Every structure is written in structure tokens, then in C-alpha cells.
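Numbers here are sequence positions counted from 1. Bear in mind that the values here come from a model prediction, so they are computed numbers and not experimental data.
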Amino acid sequence: MGDTVRLVVGNDASSIRMTMAKATKTPPESREMTPEERAARLRAYEDVVRERIAKWKVEQADLIRELAQEGVDVELVQDLMNRPNNYVHVLPILAKHLQRSYSQLTQEAISRSMAMREAHPYWDLFARLYRALPPTNPAEQGQPEDGLAVALSFSMPKEKLLEMIDLVSDPHFGPSRVLLIQALRRSRDPRAAEAIERLRDDPGLSKEIATWRRRKKR
């Protein structure tokens, strides 16, 4: 049960954290279940959770070992999101592993752990991987496109604004554009404001942009 609590409580502040919470969420209970049946169901689900955590640890073993060699000790790469951005020195390691073949959840976790201003040297890498992503497998946990979108947004150098506008404006990239457009919202460049105004009627972005106005009125 300890791993379950750590995974849910420690990773509930972003979409990947919600993904992991879903992976560990106890299934709905029927009011007609006896206490023994509920306990048995909970034990079975915890077994599934432990199996998933064990698989992630095996999959990430090389990455975790390399991080530890640089003084960054975590059980899973997901845990980096629970700590301050005091691991900038291992960004090259994360960038290297971001280009390897991992499960969708691990791919997303690596990307999100790199979502910081200091990762701006890797912006072109994020953009290349984002453009080349295959369709997400809905049967598998994780949203790699969301992780890369967050990394692109938070690490965007000023000189990449026009390229970011192109990415945000392309409906091919689907719902993850809502994460990309946050970079335009933070930018003070007039071209960002102009792009937001043009995208105000975009079906995939209109609701998000509308919420900004409502928040300002409060």
C-alpha cells in the first residue's frame, strides 16, 4: 500500500500525475459488497498497482542509475516532478533518454521533468520529437504529446516564438495545443498577443482562451 499512496499523493498536480493517480485508483465499490469482498477487491487492485510500479522501475533502471551517479536519487523519473528544479545538471541525461524507446507514461514523465526555462537548449529537440510522435495508444497509459507540449511551453526561448505560433496554430497536434498556447500567454511579445487573438475562434483553443478573460474579470 505504501507505493500506492506515494504514487497518488505525490503526483496529483498535473496531467501525468492524474494519469498515475488513475493507475492506482481503487475501482468503484458496490454498496452490496461485503467487507470481505471489498477487501479482496482492494488487494487484487493493489497487486495490479505493484506490478505496474515494478515494470516502471525495470524500464527506467538505466536512467535512474545515471541520475543517482549525478547525485539525483529518485525511485522513478516521475518523482522529479515532486522536487524543486535543483537537478538542472542532469538535463543532458534526461534529453538522452527522451530519445530512447520507453512506454508512453515514462516518455511523458521525462518530458515533464524537463519542463523548465533552463531546458531551452533542448527546445529544438522537443519540437522535433513532438512533430514526429506517432498516434498515442489509448490502451496504454501516458500522453507523450502532453509532456512534450509542456516542455516546449516552459523552455521556449524568445527567438522560437514564431515557430511556437506555428505549432499552436496547427490543429494536427490536437488537444495538447492547449498546453502549448500557455507560452504565448506568458510572452510579452506583441506577436504572441496577435496570435492569441487569431486563435480565439479555433475550436480546439477557444474554450481555453475564453477562461483567461473570465479569470481577469474576477
Side-chain angles (χ1 to χ4, degrees), residues 7 10-23 56 60 63 67 72 74 76-88 90-100 102-137 140-158 160-161 163-187 192 195-196 199 202 204-205 207-209 211-212 215:
L7 203 57
N11 292 285
D12 60 354
S14 64
S15 67
I16 188 170
R17 296 169 188 178
M18 288 189 288
T19 299
M20 296 185 70
K22 290 176 183 177
W56 291 330
Q60 299 177 16
L63 171 56
L67 293 177
V72 179
V74 290
L76 294 168
V77 69
Q78 289 90 324
D79 296 336
L80 288 175
M81 293 179 289
N82 293 332
R83 57 191 293 165
N85 292 348
N86 59 357
Y87 54 91
V88 175
V90 299
L91 285 175
I93 295 174
L94 294 169
K96 178 181 68 175
H97 282 267
L98 184 60
Q99 301 173 73
R100 296 185 179 180
Y102 282 110
S103 66
Q104 291 180 172
L105 190 69
T106 293
Q107 289 175 22
E108 183 180 0
I110 295 173
S111 298
R112 284 186 178 273
S113 68
M114 298 184 71
M116 62 180 78
R117 187 178 303 172
E118 293 85 352
H120 64 86
Y122 303 101
W123 197 89
D124 286 335
L125 170 63
F126 299 149
R128 175 172 61 80
L129 294 176
Y130 184 71
R131 291 189 177 100
L133 271 178
T136 300
N137 179 3
E140 184 182 343
Q141 294 171 342
Q143 300 288 334
E145 68 276 16
D146 285 357
L148 285 168
V150 173
L152 282 163
S153 179
F154 277 94
S155 68
M156 186 192 76
K158 292 180 180 180
K160 294 296 181 179
L161 176 62
E163 192 171 345
M164 176 64 91
I165 290 174
D166 287 341
L167 290 175
V168 175
S169 302
D170 190 341
H172 165 77
F173 296 114
S176 64
R177 292 188 299 149
V178 170
L179 302 171
L180 290 176
I181 201 172
Q182 305 306 322
L184 304 189
R185 186 185 184 190
R186 290 190 297 268
S187 175
I196 290 172
L199 294 166
D202 185 300
L205 298 170
K207 288 184 179 179
E208 172 64 18
I209 296 173
T211 64
W212 301 348
R215 290 170 189 164

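- Judged as a ring-ring contact (aromatic ring centres under 6.0 Å, His included), and not counting sequence neighbours, the contacts of F173 are Y130.
- Contact record, N85 with V88: O-CG2, 3.6 Å, taken as the closest heavy-atom pair.
- A heavy-atom distance below 4.5 Å is found between the side chains of I209 and I181.
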Chi angles and distances behind the side chain to side chain contact (heavy atoms under 4.5 Å, CB included) call for V178, K207:
CA-CA 9 Å; V178 170; K207 288 184 179 179; over 6 Å; no
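- Here the closest heavy-atom approach between residue G142 and residue T136 is recorded as O-CG2, 3.8 Å.
- Taking 4.5 Å as the limit, some side-chain heavy atom of L80 sits within range of a side-chain heavy atom of L67.
- Atom OG of S113 and atom CE of M81 lie 7.0 Å apart (nearest 0.5 Å).
- For Y122, there are no ring-ring contact (aromatic ring centres under 6.0 Å, His included) partners, not counting sequence neighbours.
- When all heavy atoms of P157 and H120 are compared, the closest pair comes out as CG-CB, 3.9 Å.
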Given side chain to side chain contact (heavy atoms under 4.5 Å, CB included), test W212 with I196 step by step and report yes or no.
CA-CA 11 Å; W212 301 348; I196 290 172; 3.8 Å; yes
Please lay out, stage by stage, how F154 and Q182 fare under the test side chain to side chain contact (heavy atoms under 4.5 Å, CB included).
CA-CA 8 Å; F154 277 94; Q182 305 306 322; over 6 Å; no
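- Legend: residues meeting side-chain contact (heavy atoms from CB on, under 4.5 Å) with S111, ordered by chain and number and at least two apart, are L98, L148.
- The side-chain contact (heavy atoms from CB on, under 4.5 Å) check on N137 picks up Q104, A139, E140, with sequence neighbours excluded.
- By the 4.5 Å heavy-atom criterion applied to side chains, N82 and V74 are not counted as neighbours.
- Heavy-atom contacts from other residues, nucleotides or ligands closer than 6.0 Å to CZ of R100 number more than 12.
- Every residue two or more places apart in sequence or in another chain that forms a salt bridge (Lys or Arg N to Asp or Glu O under 4.0 Å) with R131 is listed here: E163.
- Taking the side chain as every heavy atom from C-beta outward, S169 and R177 never approach each other to under 4.5 Å.
- Taking the side-chain hydrogen bond (donor to acceptor under 3.5 Å, both in side chains) definition, one finds that Y102 meets it with H97, sequence neighbours left out.
- By the side-chain hydrogen bond (donor to acceptor under 3.5 Å, both in side chains) test, Q107 is found to be paired with no residue, residues two or more places apart in sequence or in another chain being considered.
- L105 places none of its side-chain heavy atoms less than 4.5 Å from the side chain of Q143.
- Every residue meeting the side-chain hydrogen bond (donor to acceptor under 3.5 Å, both in side chains) condition with R128, not counting sequence neighbours, appears here in chain and number order: Q99.
- D202 places none of its side-chain heavy atoms less than 4.5 Å from the side chain of V168.
- Listed here is the closest heavy atom pair of Q78 and A109: CG-CB, 3.7 Å.
- Checking side-chain atoms of T211 against main-chain N and O of E208 turns up a donor-acceptor pair under 3.5 Å.
- In this structure A183 satisfies the side-chain contact (heavy atoms from CB on, under 4.5 Å) test together with S153, M156, M164, R186, sequence neighbours excluded.
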Show your working on side chain to side chain contact (heavy atoms under 4.5 Å, CB included) between Y87 and M116 and close with a plain yes or no.
CA-CA 11 Å; Y87 54 91; M116 62 180 78; 3.5 Å; yes
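- When side chains are defined from C-beta on, L94 counts as touching V77, because their heavy atoms get closer than 4.5 Å.
- For D124, the salt bridge (Lys or Arg N to Asp or Glu O under 4.0 Å) partners at least two apart in sequence or on another chain are K160.
- Shown here for S155 and A151, the closest heavy-atom pair between the two residues is OG-O, 2.6 Å.
- Residue L179 holds its CG atom at 10.0 Å from CG of L152, rounded to the nearest 0.5 Å.
- Side chains of Q60 and I110 form no contact here, defined as non-hydrogen atoms less than 4.5 Å apart.
- D79 places a side-chain N or O within 3.5 Å of a backbone atom of L76 that can act as its donor or acceptor partner.
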